[in-house]
Amino acid sequence: METPRGFRIIPEYLSPAAQAALVETLRGIVAQAPFFRPVMPGNGRPFSVEMTNAGPLGWVSDRAGYRYQPMHPVTGEAWPAIPDSILDAWGDLTGYPSPPECCLINLYRGEKAKMGLHRDADEEDFDAPVLSFSLGDTATFRLGGATRRGPTKAVTLHSGTALILGGDSRMAYHGISKVMPGTSRLLTGGGRLNLTLRRVTKPVPGIESPRKAVP
DNA sequence: TAGTGCCT
DNA sequence: ACAA
């Protein structure tokens, strides 16, 4: 298949030291917002991955549907803040003028943990790219096209790899078809973490919303 | 249809 | 393909 122009993959974007530091930060986030297992809308079938979020809005799924919401579905607490290092990476890699509002954290444990073909379509803003980072065990990512059926391309994601779905690939179907247990020692107890950053609401025109004051 | 489970 |  022809690779879309807005699709970018940056192997080793995060150094081993940066990965270790990020995992440490994520430990704090997970302590505040524990992983939960979402279920499918309607039939209530459980996901094979566990999830939590950081940022003003978190992505959740339950029998009622997919949505973004400001609180953890189990604890009712607000999501923790997105780490500064991740916000910096968003600016660096996307150049998008507004910050991401959701950092979805997916945990893949064991051979059965997968993510079927889907597309990120619950946002209001489809202009912003989707940025994601891989941590821990190596995985096979599949990139499809504009429909759920049709050919897909396999992309291997190692720990530290950054991936961007932007432009003509923003609405492409994609998923994780396989995770190879034991291929990384980054996470205690093994497994794979994926961080997905998204802008959810449309930025208000004229507001650049920098998070650091300009001296 | 962000699900599983066959089959080729 | 499935079946809600």
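Every chain is numbered from 1 and lettered A, B, ... according to where its sequence line falls, protein lines coming before strand lines. Only a predicted model underlies this, so the values are computations on that prediction, with no experimental measurement involved.
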Each base of DNA chain B marked ( ) or [ ] if paired in-strand (Watson-Crick or G-U under 3.5 Å), | if paired to another strand and . if unpaired gives ..||....

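- Seen from the ring of A:Phe126, A:Arg170 does not count as a face-on cation partner, given the 6.0 Å and 45° thresholds.
- Contact record, A:Leu93 with A:Ala162: CD1-CB, 3.9 Å, taken as the closest heavy-atom pair.
- With P as the reference atom, B:dT4 and B:dT8 are 22 Å apart, rounded to whole Å.
- Nearest heavy atoms, A:Trp79 versus A:Gly58: NE1-N, 3.2 Å.
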Criterion salt bridge (Lys or Arg N to Asp or Glu O under 4.0 Å) on A:Arg198 and A:Glu101, from CA distance to verdict: CA-CA 6 Å; A:Arg198 305 185 195 97; A:Glu101 294 166 301; over 6 Å; no

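- A:Val39 belongs to no multi-residue hydrophobic cluster, having no ILVMFWY side-chain contact under 4.5 Å with any other such residue.
- Contacts between residues 129-161 of chain A and DNA chain B, defined by a heavy-atom separation under 4.0 Å, are made by A:Arg148.
- Within the nucleic acid shown, A:Arg37 has no heavy atom closer than 4.0 Å to any nucleic acid atom.
- The minimum heavy-atom distance between A:Cys103 and A:Ile82, with the atom names listed, is CB-CG1, 3.9 Å.
- Contact footprint of chain A on DNA chain B: nucleotides with an atom under 4.0 Å from a non-hydrogen protein atom, first to last in 5' to 3' order, B:dT1 to B:dT4.
- When heavy atoms are screened at a 4.0 angstrom cut-off, A:Asn194 is found touching no nucleic acid atom at all.
- Not one N or O on the side chain of A:Thr138 forms a donor-acceptor pair closer than 3.5 Å with the backbone of A:Thr183.
- Nearest approach of A:Gly76 to A:Met71, heavy atoms of both residues: O-CB, 3.5 Å.
- Here A:Gly116 lies in heavy-atom contact (under 4.0 Å) with sugar-phosphate atoms only.
- Every residue meeting the ring pair (Phe, Tyr, Trp, His ring centres under 6.0 Å) condition with A:Phe36, not counting sequence neighbours, appears here in chain and number order: A:His72.
- Contacts of residues 53-71 of chain A with DNA chain B (heavy atom under 4.0 Å): A:Trp59, A:Tyr66.
- Residue A:Lys114 is in sugar-phosphate contact alone, with no base atom involved, counting any heavy-atom pair closer than 4.0 Å across all strands shown.
- A pairwise comparison of heavy atoms in A:Cys102 and A:Asn53 identifies SG-OD1, 3.5 Å as the closest pair.
- In summary, of the residues considered (A:Thr152, A:Ile9, A:Leu165), a side-chain contact (heavy atoms from CB on, under 4.5 Å) with A:Leu143 occurs for A:Leu165 alone.
- A donor-acceptor pair under 3.5 Å is absent between the side-chain atoms of A:Arg109 and the main chain of A:Glu50, judged by distance alone.
- A:Tyr108 and A:Ile176 get closest at one heavy-atom pair: OH-CG1, 3.5 Å.
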